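One structure below.
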Amino acid sequence: MNTTMVITLIGIVAVAVVGVSGRRPRSGELGEWTVGKRKFSTFTTWFLQAGEAFTTFSFLGLAGIAFGGGVAAAFALCYLAINFVLQYFTAPRMRELGREGGYLTQADFFVDRYRSPLLGKVVAVVGAVFLLPYLQLQITGLGMIVQLATGSRTGGNLSMVLATVLTVAFVLWSGIRGIARVAYLKDALMIVGLVVLLIGVAVSVKGGVGGLFEAVRDSHPQLLTLHQEGYDATFFVTAVIISGIGGGLGTMAHLWPPVLAAGSGRALRKNAVWLPLYQIALGIPVIVGFAGILLVKPGSPANSVALTLAGQTLPGWLVGVVAVAAASAAMVPSAAIVVGISSLLSRNLLSVRNERTQLRTNHLCVIAAAALALVLGLTRPGLLSDLLLLTYGGLTQLAPAIVMGLAKKVRLDAVPALLGILTGVGVLIWLTFGGVDVGTVDTGLIALVPNLVVTAAAQLVVRSRSLAAVPAEAN
């Protein structure tokens, strides 16, 4: 076992220890476990919300897109900024409604605002199904990170198992409080890891970062434009729109607990103002990806670029530090996603009434979701690859109903909302698995159009029948 592997394993255990140090809920209720006492400070809420920006995608995906698609990788910086602009308006309203209605999950919002337990169950299924591949991405990505950093496939698999077990342990023990504690450490590690990578690139490329882009301009000028195959302007614009809608309007269930746990709407608005500056750090993986164009063998797997460069430019112990940072970037989102999936299933789909039984059922769902994602990651890492493409697109189909539900008076009925969601999800599945060629347009954005059309048409029918029933009752 080499130095890098030892440092990585110790780091993974240390992250989990920090999570277990979070205070265990005394009441034994799902509410305390999921959203605490709804009094989290601006500081704590900041790190919980920031956690979703720094994931395994930050290390592997962004650098990989820059390596193969050039400046198209900057779409992540754009959509995250849009996310926070939208959240400035939506997050405080979600928190307000959650406090008044006692929401613990995203589906609670739909049940309350549309007076429809059936709609809540459908949203719970949609949320859980489309979050599962996102969970597998984090777990599989962690294994890939360790494998690339240490050169050991066995070590990567061991790390996947260890990190998943430890993540489940601290989530079961302390819930959202444990996630918050780990989020502090994770973001600190991420910044250190990214800065170390940047320094490694700067000293390896002639002329530093400035010289890097001059060299790319001279040797691969097309990568500085949006004209790469698969990464053209259409990809950039539609990816920014669909991702911006997805995060900004709270379509992903695991984004709700941090919002519902916030102590005030003011805290959420302050975070929405300042968090975009924090995302500037995501520019570092983009720079690393460009460096890979010059320093990594052509034809190398895109997602391996960041860790390959780390191995080429840094000593073993520093590679271990980078690997720990990347591992923490998988563990924290995994914990949040598991909480999102399990609370939807135990509270909204299974509808367990007793508080203590609900929490026990939730814990079983945590274990089941994590175990399923781990098994798929170990045995069939490509099984959910197509479904992964549906994650943002599928969950964005909830956006129209969320927007209407945030209004003071909900002017959309449950049936039209339900039909719109089912139509959007159905069209998305057909476009993805039916072999339909849509070019580089995001399929989720295409599916949103029939979603809106069906929702509007169904609402007109419902309202017309309601108006026709009024005169009939009067007679």
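Not measured: the values here are computed from a predicted model. Throughout, residue positions are numbered sequentially from 1 according to the sequence presented. These values consider heavy atoms only, across backbone and side chains, with no hydrogens, waters or symmetry-generated copies.
Between E96 and R93, some side-chain heavy-atom pair lies under the 4.5 Å cut-off. Counting heavy atoms from C-beta outward, S116 and L418 have side chains that stay 4.5 Å or more apart. With contacts defined as side-chain heavy-atom distances shorter than 4.5 Å, the pair L419/T455 does not qualify. Between I367 and V168 the shortest side-chain heavy-atom distance falls below 4.5 Å. Between L132 and V129, the closest side-chain pair of non-hydrogen atoms is not below 4.5 Å. The side-chain heavy atoms of L398 and Q106, taken from C-beta on, include a pair separated by under 4.5 Å. Put simply, the side chain of L395 reaches to within 4.5 Å of the side chain of L131, judged on heavy atoms. Taking 4.5 Å as the limit, some side-chain heavy atom of I176 sits within range of a side-chain heavy atom of L48.
Residues A329 and Q138 come closest through the heavy atom pair O-OE1, 3.9 Å. Here the shortest heavy-atom pairing between I242 and G444 reads CD1-C, 3.5 Å. In this structure, L260 and R38 approach most closely via the heavy-atom pair O-CG, 3.5 Å. Looking at every heavy atom in both residues, V339 comes nearest to P257 through CG1-CG, 4.4 Å. In terms of heavy-atom proximity, L97 sits nearest to G405 at CD1-O, 4.1 Å. Minimum heavy-atom separation, V111 to G120: CG2-CA, 3.5 Å.
A distance-only check finds a donor-acceptor pair linking the side chain of T251 to the backbone of G246 [under 3.5 Å]. With hydrogens and angles ignored, the 3.5 Å screen pairs a side-chain donor or acceptor of K121 with a backbone N or O of L349. Between the side chain of S243 and the backbone N or O of V240 there is no donor-acceptor pair closer than 3.5 Å. Between the side chain of Q87 and the main chain of G247, a donor-acceptor pair closer than 3.5 Å is present. Judged purely by atom type and a 3.5 angstrom limit, S343 uses its side chain to pair as donor or acceptor with the backbone of G340. The main-chain N or O of G101 is never found under 3.5 Å from a side-chain atom of D112 such that the two would form a donor-acceptor pair. When atom types are taken as modelled, the side chain of T34 and the backbone of G31 share no donor-acceptor pair closer than 3.5 angstrom.
Atoms CE and OG1, from M331 and T167 in turn, are 3.5 Å apart once rounded to the nearest 0.5 Å. For the atom pair R113 CZ and L119 CG, the distance stands at 13.0 Å (nearest 0.5 Å). Rounded to the nearest 0.5 Å, atoms OG1 (T396) and CE (M252) are 8.5 Å apart. Rounding to the nearest 0.5 Å gives a distance of 14.0 Å between NZ of K39 and OG1 of T44. Note that OG1 of T140 and CG of L376 are 8.5 Å apart. Values are rounded to the nearest 0.5 Å. Rounded to the nearest 0.5 angstrom, L406 CG and L249 CG are separated by 8.0 Å.
Screening residues 400-426 for salt bridge (charged side-chain N to carboxylate O under 4.0 Å, His left out), with sequence neighbours left out, gives D413-R463.
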Distance-only donor-acceptor hits, side chain of residues 75-85, under 3.5 Å, sequence neighbours excluded:
| from | atom 1 | to | atom 2 | distance (Å) |
| --- | --- | --- | --- | --- |
| N83 | OD1 | G248 | N | 3.2 |

Side-chain donor/acceptor pairs under 3.5 Å, residues 59-67, sequence neighbours excluded:
none

Less than 3.5 Å apart, which donor and acceptor atoms pair up between the side chains of residues 263-274 and the rest of the protein, not counting sequence neighbours?
| from | atom 1 | to | atom 2 | distance (Å) |
| --- | --- | --- | --- | --- |
| S264 | OG | A267 | N | 3.1 |
| N271 | ND2 | Q49 | OE1 | 3.1 |

(message) Before you tell me yes or no, could you show the steps for H363 and W33 under side chain to side chain contact (heavy atoms under 4.5 Å, CB included), namely the whole-Å CA-CA distance, both residues' side-chain angles and the distance that decides it to 0.1 Å?
(response) CA-CA 10 Å; H363 285 1; W33 184 84; 3.5 Å; yes
- Evaluate side chain to side chain contact (heavy atoms under 4.5 Å, CB included) for M5 paired with S159, printing each intermediate quantity in order. CA-CA 9 Å; M5 189 68 192; S159 298; 3.7 Å; yes
Start with the C-alpha gap between L282 and V286, add the side-chain angles, then the distance that decides, and say whether side chain to side chain contact (heavy atoms under 4.5 Å, CB included) holds. CA-CA 7 Å; L282 290 178; V286 177; over 6 Å; no
Item to complete: Output, in order, the C-alpha distance, side-chain angles, deciding distance and verdict of side chain to side chain contact (heavy atoms under 4.5 Å, CB included) for Y184 and V18.
Response: CA-CA 10 Å; Y184 304 148; V18 171; over 6 Å; no
* Given R95 and E100, is the salt bridge (charged side-chain N to carboxylate O under 4.0 Å, His left out) satisfied, shown in steps? -> CA-CA 9 Å; R95 179 200 167 272; E100 294 173 356; over 6 Å; no
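Enclosure of atom OH in Y88 is not indicated, since only 12 or fewer non-hydrogen atoms of other residues, nucleotides or ligands lie within 6.0 angstrom.
Ring centroid separation for the pair W256 and Y103 does not come in under the 6.0 Å cut-off. For Y134 and F130, the distance between ring centers is not under 6.0 angstrom.
Ring geometry for Y114 versus F110: interplanar angle under 30°, hence parallel rather than tilted (30 to 60°).
Shown here are the salt bridge (charged side-chain N to carboxylate O under 4.0 Å, His left out) partners of R347, two or more places apart in sequence or in another chain: D108. In terms of the side chain to side chain contact (heavy atoms under 4.5 Å, CB included) criterion, residue partners of L162 (sequence neighbours excluded) are, by chain and number, L9, I12, V13, L166.
Judged purely by distance below 3.5 Å, without hydrogens or angles, the side chains of S346 and Q358 never pair a donor atom with an acceptor atom. Side-chain contact check for T423 and N451: no donor-acceptor pair (N or O, by modelled atom type) lies under 3.5 Å.
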